[in-house]
Number of protein chains: 2
Amino acid sequence: MSETDRLERLIADECGECCESDVAERLESLEAYRDAIPDDAGTDRSALQTLSNETRYDIVYLLSAADRELCVCEINPLVDVSDSAISHALSDLHDAGLVTRRKDGTWRYYETTDRAAELVAALDATRGGE
Amino acid sequence: MSETDRLERLIADECGECCESDVAERLESLEAYRDAIPDDAGTDRSALQTLSNETRYDIVYLLSAADRELCVCEINPLVDVSDSAISHALSDLHDAGLVTRRKDGTWRYYETTDRAAELVAALDATRGGE
DNA sequence: TGAGTAGTTGAGCAACCATTCATATAATGG
DNA sequence: CCATTATATGAATGGTTGCTCAACTACTCA
């Protein structure tokens, strides 16, 4: 039983009838949807993956609430893992394009990017919804 | 060396001066940022985590491009993993609140939720940015 | 230049994840 | 009912991830 067999039955169920060309047509329009998958999907996915971790999620929400850049030493007391884990987290967030980094002497400041802000906004706008 | 020592030095660096109460004040305002972390952060994170997987990300983009509900048998030929993996993926997406499910006889139809649509929009709006 | 501080990096390990295969459920048509 | 079809589920397993500890770099100031 091939994929197109199943499709054929689906179309017959939906439309009452189905000939070869109907299947081909449907398959073609389905395949067109694949073009909607972005070329740099990997970048998107790594942003999502990075944000899905508790430590990193919390840091982004903190930076977002602060609405200013925060020094690493300001973040440390707010998150309950080792300084090293926070440093790893910030580095991952930076790699994923979710925070910017600024150096000032020995201090290092981080701030959310637009991408992080948009994702946070999307989550906030749809919480408890549907 | 405690956390507050470092904060004290930071504030001294920033403001030229720093007394005990400055540290306490800063710490208090920092701690207030924690309130911005949503109560159901876990739900958010599982949505992000679910969407970060290639198979599930692709399915959401396909559903989003289709702009209509798709039958499982329409999704199968578009994604290069086993039917079982797609079924798992759809089930995970459903659990994460990213797709709705509708039964019609033996066919099962899936469609994106608002939450998925908002996340996709956030990604689309910030791609290649900053 | 050397002691001290802020933050980063890498290895290692336990926990978690994504896929597949095999099997199960549920609906449909003889 | 029985066979068939569409999809779901569970266990197994190879791969990935996130934390901590220890070592490291980079900057400052005396």
Side-chain angles (χ1 to χ4, degrees), chain A residues 1-14 16 18 42 45-59 69-77 79-96 99 101-110, chain B residues 1-14 16 42 45-59 69-77 79-96 99-110:
Chain A
M1 176 208 49
S2 84
E3 291 290 3
T4 55
D5 279 349
R6 229 190 305 188
L7 250 191
E8 186 169 339
R9 270 189 288 273
L10 175 72
I11 296 171
D13 259 31
E14 279 178 2
C18 178
R45 294 203 321 272
S46 82
L48 295 165
Q49 152 87 13
T50 301
L51 202 49
S52 74
N53 167 265
E54 177 165 18
T55 300
R56 295 182 302 240
Y57 174 97
D58 286 356
I59 290 174
E69 55 181 17
L70 291 182
C71 178
V72 174
C73 72
E74 293 179 292
I75 299 172
N76 282 337
V79 184
D80 245 14
V81 289
S82 68
D83 289 4
S84 170
I86 291 180
S87 185
H88 277 294
L90 286 166
S91 167
D92 292 346
L93 285 166
H94 186 255
D95 289 351
V99 301
R101 176 159 39 200
R102 186 174 72 83
K103 216 195 273 205
D104 182 20
T106 61
W107 310 108
R108 232 144 276 201
Y109 291 90
Y110 288 87
Chain B
M1 177 207 49
S2 83
E3 292 291 5
T4 55
D5 280 348
R6 230 188 306 186
L7 251 190
E8 187 169 341
R9 270 189 286 272
L10 176 72
I11 297 170
D13 260 31
E14 280 177 2
R45 294 205 319 272
S46 82
L48 295 165
Q49 153 85 13
T50 301
L51 202 49
S52 74
N53 166 265
E54 177 165 18
T55 301
R56 294 182 302 240
Y57 174 96
D58 286 356
I59 290 174
E69 54 181 18
L70 291 182
C71 178
V72 174
C73 71
E74 293 180 292
I75 300 172
N76 283 337
V79 184
D80 246 14
V81 289
S82 67
D83 289 4
S84 171
I86 291 181
S87 185
H88 277 295
L90 286 166
S91 167
D92 292 347
L93 286 167
H94 186 255
D95 289 350
V99 302
T100 59
R101 174 157 42 199
R102 186 174 72 82
K103 215 195 274 205
D104 182 20
T106 61
W107 309 108
R108 232 145 277 200
Y109 292 90
Y110 288 87

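Below, read A as the first sequence line, B as the second, and so on, with proteins coming before strands; counting in each chain starts at 1.
- When all heavy atoms of R102(B) and E69(B) are compared, the closest pair comes out as NH2-OE2, 2.6 Å.
- Residues forming a side chain to side chain contact (heavy atoms under 4.5 Å, CB included) with S52(A) (at least two apart in sequence, or on another chain): L48(B), Q49(B).
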Please enumerate all protein N or O atoms sitting under 3.5 Å from an N or O of nucleotides 17-22 of chain D, with distances to 0.1 Å.
{"from": "dG18(D)", "atom 1": "OP1", "to": "R56(A)", "atom 2": "NH2", "distance (Å)": "2.9"}
{"from": "dG18(D)", "atom 1": "OP2", "to": "R56(A)", "atom 2": "NH1", "distance (Å)": "3.1"}
{"from": "dG18(D)", "atom 1": "OP2", "to": "R56(A)", "atom 2": "NH2", "distance (Å)": "3.4"}
{"from": "dC19(D)", "atom 1": "OP1", "to": "T55(A)", "atom 2": "OG1", "distance (Å)": "2.6"}
{"from": "dT20(D)", "atom 1": "OP2", "to": "S82(A)", "atom 2": "N", "distance (Å)": "3.1"}
{"from": "dT20(D)", "atom 1": "OP2", "to": "S82(A)", "atom 2": "OG", "distance (Å)": "2.8"}
{"from": "dC21(D)", "atom 1": "N4", "to": "S84(A)", "atom 2": "OG", "distance (Å)": "2.7"}

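- Between N76(A) atom CG and dA6(C) atom P there is a gap of 10 Å when expressed in whole angstrom units.
- The nearest pair of heavy atoms linking L10(A) to Y109(B) is CD1-OH, 3.3 Å.
- Counting heavy atoms from C-beta outward, L90(A) and I75(A) have side chains that approach closer than 4.5 Å.
- Considering L7(A), D5(A), D13(A) in turn, D5(A) is the only one that fulfils the side-chain contact (heavy atoms from CB on, under 4.5 Å) rule with R9(A).
- Remark: T106(A) pairs with no residue by the side-chain hydrogen bond (donor to acceptor under 3.5 Å, both in side chains) rule, at least two apart or across chains.
- Contact detail for D92(A) and R56(A): the closest heavy-atom pair is OD2-NH1, 3.2 Å.
- R9(A) has a side-chain polar atom (N or O) that falls below the 4.0 Å cut-off from OP1 or OP2 of dA6(D).
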N/O-N/O pairs, protein side and nucleotides 26-28 of chain D side, under 3.5 Å:
{"from": "dC27(D)", "atom 1": "OP1", "to": "K103(A)", "atom 2": "NZ", "distance (Å)": "3.3"}

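- Considering only heavy atoms from C-beta on, W107(B) comes within 4.5 Å of R6(A) through its side chain.
- One can place CG of D5(B) at 8 Å from P of dA6(C), the figure rounded to the nearest angstrom.
- Shown here are the salt bridge (Lys or Arg N to Asp or Glu O under 4.0 Å) partners of R101(A), two or more places apart in sequence or in another chain: there are none.
- Per the geometry, OH belonging to Y109(B) stands 14 Å off C1' belonging to dA27(C), to the nearest Å.
- A pairwise comparison of heavy atoms in V72(A) and Y110(A) identifies CG2-CE1, 3.5 Å as the closest pair.
- Each end of the helix from dT1(C)-dA30(D) to dG30(C)-dC1(D) gets its own axis from five base pairs, and the two axes differ in direction by 30°, given to 10 degrees.
- Counting any heavy atom pair closer than 4.0 Å across all strands shown, Y110(A) reaches sugar-phosphate atoms only and no base atom.
- Between R101(A) and the phosphate of dT8(C), there is a side-chain N or O to OP1/OP2 separation shorter than 4.0 Å.
- The main-chain N or O of S46(A) is found under 3.5 Å from a side-chain atom of T50(A) such that the two form a donor-acceptor pair.
- One atom, CG of D13(B), and another, C1' of dC29(D), lie 12 Å apart when rounded to the nearest Å.
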